[in-house]
Amino acid sequence: IDLSATRGDLAPLLDVTPQYTLAELAANEARMDRALYEKLLVRHSGGVHLLAAPRELADADLISPACVHLALDFAQDIFSEVVVDLETCHRP
């Protein structure tokens, strides 16, 4: 999960182009279920799945602590291991 909302870099690093990002999770937080969550992920050829950081800087404000908690809960239910890339600035 790329939580570097203001400068997400995992998608380019993995050379993947996500259709959806953490911003879509935030926008659909109230109706999020496992199937919808899995659609937000982009799969790398090596088998890694990524929930990408928002593409637009303005979308970083949509990411609340509750949204992050939801993303982590789903990830822990689906995967045996979860890696989270945190940004360096201080945000809730």
Side-chain angles (χ1 to χ4, degrees):
I1 301 175
D2 192 347
L3 291 181
S4 298
T6 58
R7 58 169 190 82
D9 57 0
L10 292 183
L13 180 69
L14 293 171
D15 195 26
V16 295
T17 306
Q19 185 175 359
Y20 305 108
T21 71
L22 194 55
E24 280 75 29
L25 186 146
N28 294 286
E29 189 175 340
R31 64 183 200 97
M32 189 60 55
D33 61 14
R34 181 179 172 145
L36 184 55
Y37 181 83
E38 288 179 350
K39 289 180 183 180
L40 300 177
L41 305 175
V42 61
R43 187 172 193 271
H44 181 266
S45 61
V48 173
H49 291 79
L50 172 67
L51 178 56
R55 286 183 280 280
E56 303 295 326
L57 184 59
D59 290 339
D61 291 335
L62 299 173
I63 313 305
S64 68
C67 175
V68 171
H69 193 277
L70 185 63
L72 292 171
D73 284 347
F74 276 113
Q76 289 177 322
D77 286 345
I78 297 169
F79 302 105
S80 61
E81 296 179 35
V82 177
V83 177
V84 180
D85 183 20
L86 303 171
E87 66 184 340
T88 57
C89 70
H90 300 290
R91 297 175 50 94

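Between Phe79 and His49, the ring planes are tilted. Angles from 30° to 60° get that label.
A chain of hydrophobic side-chain contacts below 4.5 Å, direct or via other Ile, Leu, Val, Met, Phe, Trp or Tyr residues, connects Leu41 to Leu36. Taking hydrophobic clusters as Ile, Leu, Val, Met, Phe, Trp and Tyr residues chained together by side-chain heavy-atom distances below 4.5 Å, Leu13 does not share a cluster with Val83. Each of Val42 and Leu51 belongs to its own hydrophobic cluster when Ile, Leu, Val, Met, Phe, Trp and Tyr are linked at side-chain heavy-atom distances under 4.5 angstrom. Residue Tyr20 is grouped with residue Leu70 when hydrophobic side chains (ILVMFWY) are merged at heavy-atom distances under 4.5 angstrom, including chains of intermediate members.
In this structure, Glu29 CD and Ile63 CD1 are separated by 9.0 Å, a value rounded to the nearest 0.5 Å. Between atom CG of residue Asp85 and atom CG of residue Asp9 there is a gap of 5.5 Å, rounded to the nearest 0.5 Å. Once rounded to the nearest 0.5 Å, the distance linking NE2 of His44 with CG of Leu10 reads 11.0 Å. Residue Asp73 holds its CG atom at 11.0 Å from CD1 of Ile78, rounded to the nearest 0.5 Å. With rounding to the nearest 0.5 Å, the separation of CZ in Phe74 from CG in Leu25 is 8.0 Å. The CG atom of Leu40 lies 11.0 Å from the CG atom of Leu50; values are rounded to the nearest 0.5 Å.
Few gaps surround CD on Glu38; more than 12 heavy atoms of other groups in view lie less than 6.0 Å from it. Summarising the local packing, CG of Asp33 is surrounded by more than 12 heavy atoms from other residues, nucleotides or ligands at distances under 6.0 Å.
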Inset, instruction - Go through the steps for Asp2 and Leu22 under the test side chain to side chain contact (heavy atoms under 4.5 Å, CB included), then give the verdict. - result: CA-CA 8 Å; Asp2 192 347; Leu22 194 55; over 6 Å; no
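Annotation: side chain of Cys67 is not in contact with side chain of Leu62 (no heavy-atom distance under 4.5 Å). No side-chain heavy atom of Thr21 sits under 4.5 Å from any side-chain heavy atom of Asp59.
Nearest heavy-atom pair across Val84 and Leu72 is CG2-CD2, 3.6 Å. The minimum heavy-atom distance between Ala53 and Ser4, with the atom names listed, is CB-O, 3.6 Å.
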